[in-house]
Chemist: 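The structure follows.
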Amino acid sequence: MSDSNVLEGPANAAMRETLSVPEDAAVAVRRKKIHIKTYGCQMNVYDTNRMTDAMAPHGYDEVDTPEQADVVILNTCHIRERAAEKVYSELGRLRKMKDARAVEGDRVIIGVAGCVAQAEGDEIRRRAPTVDLVFGPQTYHRLPDMIARAGNGGPALVDTEFPAEDKFGHLPAPRRKQTLARGVTAFLTVQEGCDKFCTFCVVPYTRGAEFSRPVARIVGEARDLVAAGVREITLLGQNVNAYHGDAPHGGASTLGGLIRALAEIEGLERLRFTTSHPRDMDDDLIAAHGEPGKLMPYLHLPVQSGSDRILDAMNRQHTVSFYLDLIGRIRAARPDIALSSDFIVGFPGETDDDFEATIDLARKVRFAQAYSFKYSPRPGTPAAGEAGQVPEDVKAERLARLQAVINEGQLAFNEACVGRVLPVLFDRRGRHEAQLIGRSPYLQSVHVENVPEQLFGKLSDVIIEEGHANSLKGRLAQAAGQED
Ligand code: SAH
Ligand code: SF4
Ligand code: F3S
C-alpha cells in the first residue's frame with residue numbers, strides 16, 4: 001500500500017460560519033469546525049473521510065487548517081519510525097496553538113487517531129499532555145461521543161480496544177455533498193486487518209485481525225459514491241485479495257466475485273484494488289484481470305525481497321520462484337498489466353548477496369512502478385530485536401541502488417506508452433489554464449493541455465506524446481468540440 005505521501009486534510013472544506021439546524025436536533029446551534037490531518041496509507045484517507053462524515057450530523061464542518069478548527073485530529077501512521085515521529089513534532093506545534101488560543105478564551109480539542117494511537121496510546125498521553133483524545137482505527141465510530149466527553153476537560157480519553165461491534169455498522173453513510181466535493185475517484189475499504197504477521201510489520205497489531213465487509217454493504221456504499229459523481233473506485237484492504245465477505249445469497253465471496261458485482265453498477269467506469277499479498281492471489285482473481293470490463297490493468301503486489309533466505313526470515317510465506325511464477329500467470333492473463341511492488345532493504349541479516357538477489361528480481365520483473373524503504377525496526381515486532389541489524393549507511397546505499405533500477409523500469413514502461421491512445425479519466429486540474437490531469441488505465445498521471453472544462457470527471461482518449469519518469473504527456477485524440 002503506498003504510504004509514502006503525507007496527505008493534508010480536506011481540500012474543499014466549507015469555511016463559512018453557519019447557523020443551521022443539524023439533522024438530528026430541533027434547535028439551531030452554531031456549526032463547529034473539525035480539521036483532520038492524514039498520514040500514512042490510503043486506508044487512513046478513507047478513515048478520515050468517514051470520521052468527517054460521522055461528525056457532520058453533530059454540527060461539524062471540515063476546514064483546511066488547525067487554526068480554524070474547534071477539533072483537530074491527527075490520523076496517524078506507525079509503519080516506520082519517521083512516520084511516527086512526525087506526529088510528535090506536529091503535536092508540539094499544536095500545543096503552542098492550543099495554548100495561544102486558550103489565552104483568547106478559545107478551547108481546542110486535540111485528538112490522535114490511527115495506528116500510532118493504537119500502538120502508543122499511553123506514550124502519547126505521557127509525551128504530549130496537550131492531547132485530549134486517543135483512539136485507534138477500530139473505534140472511530142465513537143468519535144462524536146468521545147468529543148462530547150472531551151469537551152468537559154479532564155485527562156485524555158483513551159479508546160484503543162478492538163471492540164466486538166463492527167464500526168462500519170455504526171457509521172453514517174458517506175455524505176453525498178462531501179463525496180462530490182472530493183472528486184471523481186474514491187477509496188472504499190472492503191477488508192481490514194491482517195493475520196500474516198510479517199516479522200517487520202506493525203499492521204497486525206495496529207489494525208487487528210482480518211475482517212471482510214459483506215458484499216451488499218460494499219455495493220450499497222459504491223452506489224452512493226457513484227450517485228455523487230465518483231467514476232473510479234479503489235477497493236482497499238491491508239490484504240485486500242484475502243477478501244472473503246458474506247455474499248448476498250449465502251456463503252463467502254472472493255475479491256473477484258466482489259469486483260464482478262461492483263462492475264454491474266451503472267455509471268461506475270473503473271475499479272482498482274490494493275494491497276495484495278502474493279499468497280492470496282487466486283486463479284479467479286487472475287482470471288478477472290483477463291476479462292474485458294472495469295477492472296484496470298494494474299496490480300500492486302509487494303514482494304519485499306528477492307532472497308528466499310530473507311523472505312523466510314520476514315515470514316512472507318512465499319519464495320522468489322513462487323512470486324515469479326505468479327507474475328508469469330498474471331501476465332499470461334493480461335499481457336499489458338502494469339505491475340507495482342514494495343521492497344524493504346536492509347532487513348536484519350541481509351547480506352550483499354541477498355541484496356543482489358533483490359536487484360535481480362527487480363530487473364527480471366520490470367515493474368511499472370515500485371516503492372522501496374529502508375528497514376525500520378518497529379517496537380514489539382519480532383525482527384526489531386534480531387541480531388544482524390544492518391548499518392544505516394549500508395541501507396542508504398542499497399536503497400539508492402534499488403531505486404535506480406526501479407526508476408529505470410518505470411521510465412521504460414512510460415516511454416513504451418508513447419504513440420499509444422489511452423483512455424484517461426480526468427480527475428485533477430493542472431497548473432496551466434485549460435490543463436487537465438488524469439490517470440491512464442496503468443495509473444500513470446497524464447498531463448493534457450487545451451482540454452475543455454466539460455471533460456473534467458470524464459474518460460477521454462488521449463494520444464501519448466511523451467513518457468517521463470513520473471508522468472506522461474499527451475493530447476486529446478478527438479479535437480475539442482468533436483466529442484459526442
Ligand atoms: N499489507 C501490505 C503492507 C502494508 S505496509 C503488504 O502486505 O504488502 C506498506 C509497506 O511498508 C510494506 O509493503 C513494506 O514494504 C513497508 N514496511 C512495512 N513495515 C516496514 C518496516 N518496519 N520498515 C520498512 N518498511 C516497512
Ligand atoms: Fe504487514 Fe505482512 Fe500483513 Fe502486509 S501481509 S500488512 S506486510 S504483516
Ligand atoms: Fe500506516 Fe496504519 Fe496504514 S501503520 S500504512 S496507517 S495501516
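Starting from 1, each residue takes its place in the sequence as its number. Hydrogens, waters and symmetry mates are skipped; everything else that's a heavy atom, side chains included, is used. First listed ligand is number 1; within each ligand, the first listed atom is number 1. Only a predicted model underlies this, so the values are computations on that prediction, with no experimental measurement involved.
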Chemist: In ligand 2, which numbered atoms sit nearer than 4.0 Å to a non-hydrogen atom of H277?
Modeler: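 Result: 5 (S).
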
Chemist: Should R260 and D284 count as an ion pair when the cut-off is N to O under 4.0 Å?
Modeler: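 Looking at D284 together with R260, the answer is yes, because their closest N to O distance falls below 4.0 Å.
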
Chemist: Among all protein non-hydrogen atoms, which one is nearest to atom 3 (Fe) of ligand 2, and what is the separation to 0.1 Å?
Modeler: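 So the nearest neighbour among protein heavy atoms is C194 SG, 2.3 Å.
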
Chemist: Classify the contact between I344 and ligand 1 as side chain, backbone, both or neither, using a heavy-atom distance cut-off of under 4.0 Å.
Modeler: side chain

Chemist: More than 12 non-hydrogen atoms from neighbouring residues, nucleotides or ligands closer than 6.0 Å to CZ on R331, yes or no?
Modeler: yes

Chemist: Taking 4.0 angstrom as the limit and counting only heavy atoms of T275, give me the atoms of ligand 1 inside it, by number and element.
Modeler: 2 (C), 6 (C), 8 (O)

Chemist: Heavy-atom distances under 4.0 Å decide this one: backbone, side chain, both or neither, for F373 against ligand 1?
Modeler: side chain

Chemist: Contact between ligand 2 and R316 is defined here as a heavy atom of the residue under 4.0 Å from a ligand atom; is it met?
Modeler: yes

Chemist: Is there a polar contact between ligand 1 and Y375, counting only N or O atoms under 3.5 Å apart?
Modeler: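 The answer is no, given that Y375 and ligand 1 share no N or O pair closer than 3.5 Å.
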
Chemist: Look at K167 together with E161 and state whether they make a salt bridge at an N to O cut-off of under 4.0 Å.
Modeler: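 Salt bridge: no.
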
Chemist: Sort out for me which residue in Y442, F343, Y298 forms a ring pair (Phe, Tyr, Trp, His ring centres under 6.0 Å) with F367.
Modeler: F343

Chemist: Could you tell me whether R126 and E120 have a side-chain N and a carboxylate O separated by less than 4.0 Å?
Modeler: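 Salt bridge: no.
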
Chemist: How does N239 reach ligand 2, if at all, at less than 4.0 Å between non-hydrogen atoms: by side chain, backbone, both, or neither?
Modeler: side chain

Chemist: If we only consider heavy atoms of Q238, is any one of them less than 4.0 Å away from an atom in ligand 3?
Modeler: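 Flag set, Q238 near ligand 3.
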
Chemist: Please identify which of these residues, L402, V320, V405, meets the side-chain contact (heavy atoms from CB on, under 4.5 Å) condition with T358.
Modeler: L402

Chemist: So, D47 and R207, do they make that salt bridge, N to O below 4.0 Å?
Modeler: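 Here D47 pairs with R207 in a salt bridge, since their nearest N and O are under 4.0 Å apart.
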
Chemist: Give the atom numbers and elements of ligand 1 that come within less than 4.0 Å of a heavy atom of R378.
Modeler: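 The atoms of ligand 1 under 4.0 Å from a heavy atom of R378 are 22 (N).
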
Chemist: For ligand 1, does R316 get within less than 4.0 Å through its side chain, its backbone, both, or neither, judged by non-hydrogen atoms?
Modeler: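 Within the 4.0 Å criterion, R316 contacts ligand 1 through side-chain atoms alone.
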
Chemist: Angle class for the H300/Y371 ring planes (parallel below 30°, perpendicular above 60°, tilted otherwise)?
Modeler: perpendicular

Chemist: Report whether any nitrogen, oxygen or sulfur of C115 sits less than 2.8 Å from atom 2 (Fe) of ligand 3 (N, O or S, backbone or side chain).
Modeler: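 Checking C115: at least one N, O or S atom is under 2.8 Å.
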
Chemist: Residue-level breakdown please: for S376 versus ligand 1, do any non-hydrogen atoms fall below 4.0 Å on the side chain, on the backbone, on both, or on neither?
Modeler: both

Chemist: For a side-chain contact (heavy atoms from CB on, under 4.5 Å) with L143, tell me which candidate from T52, V71, L133 qualifies.
Modeler: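 Filter result, single survivor: L133.
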
Chemist: Can a salt bridge be assigned to the pair K395 and E392 using a cut-off of 4.0 Å between side-chain N and carboxylate O?
Modeler: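 Yes, charged N to carboxylate O under 4.0 Å.
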
Chemist: Can you see which heavy atom on T274 is nearest to which on V240, and at what distance?
Modeler: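 So the minimum-distance heavy-atom pair works out to C-CG1, 3.6 Å.
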
Chemist: For ligand 1, which atoms sit closer than 4.0 Å to a heavy atom of R80?
Modeler: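 Answer for ligand 1: 11 (O), 16 (C), 17 (N), 23 (N), 24 (C), 25 (N), 26 (C).
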
Chemist: Check M43 against ligand 3 and report side chain, backbone, both or neither, counting heavy atoms closer than 4.0 Å.
Modeler: neither

Chemist: Applying a 4.0 Å heavy-atom criterion (strictly less than), which segment of K374 is in contact with ligand 1: side chain, backbone, both, or neither?
Modeler: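 The answer is the backbone.
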
Chemist: Show which atoms of ligand 2 fall inside a sub-4.0 Å distance from at least one heavy-atom site of C198.
Modeler: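 So the answer, numbered in order with elements, is 2 (Fe), 5 (S), 7 (S), 8 (S).
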
Chemist: If you measure from the Lys or Arg side-chain nitrogens to the Asp or Glu carboxylate oxygens, is any gap between D246 and R217 under 4.0 Å?
Modeler: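 Salt bridge: no.
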
Chemist: Could you see which bit of F197 sits under 4.0 Å from ligand 2, with heavy atoms only: side chain, backbone, both or neither?
Modeler: backbone

Chemist: Of all the atoms in ligand 2, which lie at a distance below 4.0 Å from a heavy atom belonging to V203?
Modeler: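 With V203 as reference, the close atoms of ligand 2 come out as 6 (S).
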
Chemist: Check each atom of ligand 2 against the heavy atoms of F200 and keep those under 4.0 Å away; list them by number with element.
Modeler: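 Every atom of ligand 2 under 4.0 Å from some heavy atom of F200: 7 (S).
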
Chemist: As an exercise, identify every atom of ligand 2 less than 4.0 angstrom from a heavy atom of P204.
Modeler: 8 (S)

Chemist: Are K98 and D132 close enough for a salt bridge, meaning some N to O gap below 4.0 Å?
Modeler: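 Between D132 and K98 there is a salt bridge, with a charged N closer than 4.0 Å to a carboxylate O.
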
Chemist: Are any of the N/O atoms on C201, whether in the backbone or the side chain, positioned under 3.5 angstrom from an N/O atom of ligand 1?
Modeler: no

Chemist: Below 3.5 Å, N or O to N or O, backbone or side chain included: is there any such pair between D342 and ligand 1?
Modeler: yes

